[in-house]
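Input: a single structure, listed below in structure tokens.
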Amino acid sequence: MIKTNGMKLMECINELEEIESIDTKLTFAIFRSSAYSKIESMVNKLKQRIEEQMKASKISNDTYDAKNKEMIKKYEDELRKIYVEYENSIINVQLEMQEAESNQKIAIANLKKINDMKNEALQKQEYIEQLINNPELHKQYTNKVDAYIEKFNNYNKIIDECLIETELVRQEFLRTLDEVDIIDENNQLTTKNESFFQGLINKIKSLFSNKKSYETQFVNPTEENITKLENENVERIKEVSRKNVKFLATIIVMKKKINQYFNLTAERG
Amino acid sequence: MLDDLDIAFIEGGMVDLKSYDINMLFDKLEKIRELRTKKLEEVKKIINDIKSEKINN
């Protein structure tokens, strides 16, 4: 059986739908995978630092177990907040993209529909005569075809914008995590670069009060950093949301323009 | 806490993302995007055929 152009178009729509569905799944898998490894490595870095500092101050794990767990939990929670906000942004962008993909398919399906109607009409002699004697009718058909083609191309622009934005959001998320790394190299009981006198002072301090030095030189500054992160996250999350809304607004404007342009082209006399 | 991040619904089922290298996921995405571009080119070609059909008729 020879496939008509209409049949070929419908096949393409179905295949595109499958491709786009896999694209969405892979996009989220990549975001989640990069988020997982980054957050895991940051939390592990804190755990490792806790272990090192406890070892350096020669205190048992039991003494600060609850405190350490609390610090880790708070840190994870703050990193999680950032993750959730960026994931929301990606979900919103992907929803816009899916809508554009659907509208693009509707444009193709409508193009097929009017092409089928025209082909059907051309099977009948009276319609052929009608078309020949009525150039206006022919013009209307041509305008509609052009309008659907333009709609198809314009929705492609929205889809491309969404694809770019998704990757930009993912990269910005990873950069943000780098910026909020709370492990301060200065908050260590023993550092590789400490001066002889500093080292001596630290050793003397630890002799007198290991617990106190662990608390003052590590726990307190780390907790302060986590609290600072918590406070900064309020504004940071708002900013991520603002940026997302701004992007979505540009897409809404693009959609409006597509529809206005479509109406103008389709109704052009 | 991070347990729900290490899985994603890809290839028709839930998979452990730890067993997937991120570069492999990027490779898959690149291939699927290439396929999408090809498919869109195909659509454009058919659309152009339809457009020229109307002129011929």
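Protein chains get the first letters and strands the later ones, always in sequence-line order, with residue 1 at the start of each.
A:Ile159 touches chain B through its side chain: at least one heavy atom from C-beta onward sits under 4.5 Å away, while N, CA, C and O do not. When heavy atoms are compared at a cutoff of 4.5 Å, A:Glu167 approaches chain B solely by way of its side chain, counted from C-beta outward. Contacts between A:Glu11 and chain B at a heavy-atom distance below 4.5 Å are absent for every atom of the residue.
A tilted orientation is assigned to the rings of A:Phe173 and A:Phe31, their planes being inclined by 30° to 60°.
Applying the ring-ring contact (aromatic ring centres under 6.0 Å, His included) rule to A:Phe152 yields no partners; only residues at least two apart in sequence or on another chain are considered.
No donor-acceptor pair under 3.5 Å is formed between the side chain of A:Asn115 and the backbone N or O of A:Leu111. The closest donor-acceptor contact from the side chain of A:Ser21 to the backbone of A:Glu17 lies at 3.5 Å or more, if one exists at all.
By number of non-hydrogen pairs under 4.5 angstrom with chain B, the leading residue of A:Ile13, A:Ile108, A:Leu16 is A:Leu16. In terms of non-hydrogen atom pairs under 4.5 Å with chain B, the most contact-rich of A:Leu9, A:Asp23, A:Thr24, A:Thr27 is A:Asp23.
Under a 4.0 Å N-O distance rule, the pair B:Glu42/B:Lys45 does not qualify as a salt bridge.
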